[in-house]
Amino acid sequence: MPELPEVEVTRRRIAPLLVGRRISSVRTTRDSYFFLTKPASLKRNLVGRDIVDLGRRGKYLLAQLDDGKRLMMHLGMTGQLFSQDARSVRLLSASRRSSLSPAEQLRFEADEHTHLSLGFEDRGPRVFFRDVRKFGKVRLLRRGQSDPRLDKLGVDALEASGQQLFRLTRKRKIAIKNVLLEQSVIAGIGNIYADEGLFLAGIRPTRRASSLTRRSCEKLVESIQEVLLRSIESGGASISDFVAPDGRDGGYQDQRRVYARGGEPCPRCDAPIRRLVIGQRAAYFCPRCQG
DNA sequence: ATCTGTCCCTGGACGC
DNA sequence: TGCGTCCAGGGACAGA
């Protein structure tokens with residue numbers, strides 16, 4: 001479940017394998033809704049281009065090309081962007097692993113989930129974009145062209161202020177947790193960091209958004225940023241599929257306080273962590289600490 | 001403008 | 001061992 005920290009860790013570690021290299025070959029799976037730009041068009045437009053920069057907005061990655069075009073990528077739920085040299089069991093399903101020898105498991109071969117594969121003129125390692133559930137997206141933007149998905153994004157979570165959150169929640173009657181998940185309000189927060197941030201701020205996820213005071217909004221944004229930064233430092237959260245571009249697991253899954261810890265004792269007060277479904281999504285919180 | 005429900009997808013966990 | 005069922009969830013979209 002790549003959220004801002006996982007996308008940022010991906011950006012930092014894949015950038016050295018993209019920026020400054022010239023694309024010489026593009027392989028894809030067959031067309032599907034994963035491709036906002038058709039595979040044939042991707043190939044046509046990418047081959048021969050240099051990548052000059054790799055940026056991030058919310059959970060989107062944007063690779064800047066030397067001709068002014070941009071490659072927009074979203075990792076969805078299970079997207080993995082990584083080097084051909086990466087080694088990780090997370091790059092192979094359990095059933096696939098079971099039919100391979102230990103030596104074979106160490107060599108990743110592009111499989112049916114590897115929707116985009118870039119080769120480079122320098123003949124160094126290829127870069128793969130793999131996504132089992134295909135909730136990810138890739139699109140080529142022409143020079144100066146934007147995408148409605150980017151246009152709708154709110155302020156990046158690392159740059160948000162409590163003041164902004166306060167203003168944007170005044171008319172919102174739904175649970176604060178659901179507002180945090182809206183990328184049009186603050187971009188980059190997903191289920192894990194919404195729960196973790198709310199825990200750190202001592203705010204119950206079901207709390208009606210408009211009932212938060214200015215002070216609570218400030219505390220909440222500070223808490224979310226603290227959690228996001230700590231996760232980036234630890235390499236992101238490898239709870240199910242996330243793996244860094246070099247094949248390393250993140251470390252934040254072990255630091256998490258409440259997310260996916262239903263029934264376990266609260267790290268602050270020992271009360272059992274509760275699990276609720278809010279807006280069709282699981283939410284974890286401490287019923288005692290989060291008043 | 002805001003909110004709710006549904007859908008896309010696949011692998012893994014779990015129960016029988 | 002194998003099969004069926006449920007769950008995970010980011011985001012687009014339709015309809016209230």
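Each chain gets a letter, A, B and so on, in the order the sequences are listed, and its residues count up from 1.
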Axis-to-axis angle between the two ends of the helix from B:dT2-C:dA16 to B:dC16-C:dG2 (five base pairs per end, rounded to 10 degrees): 40°
Looking only at the aromatic ring of each residue, does the gap between the centers of A:Tyr193 and A:Tyr252 stay below 6.0 angstrom? yes
Between CG of A:Leu116 and CZ of A:Arg130, what distance do you get to the nearest 0.5 Å? 14.0 Å
Students should find that the nucleotides of DNA chain C closing off the region near chain A, any atom under 4.0 angstrom from a heavy atom, are C:dA8 to C:dA12
Does the side chain of A:Asn45 reach to within under 4.5 Å of the side chain of A:Ser41, using non-hydrogen atoms? yes
Looking at OG1 of A:Thr78 and NZ of A:Lys134, how far apart are the two atoms once the value is rounded to the nearest 0.5 Å? 10.5 Å
Please tell me which of A:Met77 and A:Arg149 maps to the more 5' nucleotide of DNA chain C, matching each residue to the nucleotide holding its nearest heavy atom. A:Met77
Nearest heavy atoms of A:Pro2 and A:Leu75, plus distance in Å: CG-CB, 3.6 Å
Mind checking A:Phe34 for me? I need base, sugar-phosphate or nothing, with any heavy atom below 4.0 Å counting as a touch. nothing
Under 3.5 Å, is there a donor-acceptor pair linking the side chains of A:Ser88 and A:Arg248? no
Counting any heavy atom closer than 4.0 Å, what does A:Phe242 reach on the DNA or RNA strands: base, sugar-phosphate only, or nothing? nothing
In terms of the angle between their ring planes, are A:His115 and A:Phe34 parallel, tilted or perpendicular, with boundaries placed at 30° and 60°? tilted
Do A:Phe166 and A:Val221 belong to the same hydrophobic cluster, where Ile, Leu, Val, Met, Phe, Trp and Tyr are linked whenever their side-chain heavy atoms lie under 4.5 Å apart, directly or via other members? no
Is it the case that one hydrophobic cluster holds both A:Leu228 and A:Leu165, taking links as side-chain heavy atoms less than 4.5 Å apart, direct or via other members? yes
Reading 5' to 3' through nucleotides 3-13 of chain B, protein heavy-atom contacts under 4.0 Å coded B for base, S for sugar-phosphate only, - for none: SSBB-BBBSS-
Would you kindly confirm whether A:Leu150 and A:Leu4 end up in one hydrophobic cluster when ILVMFWY residues are joined by side chain heavy atoms under 4.5 Å apart? no
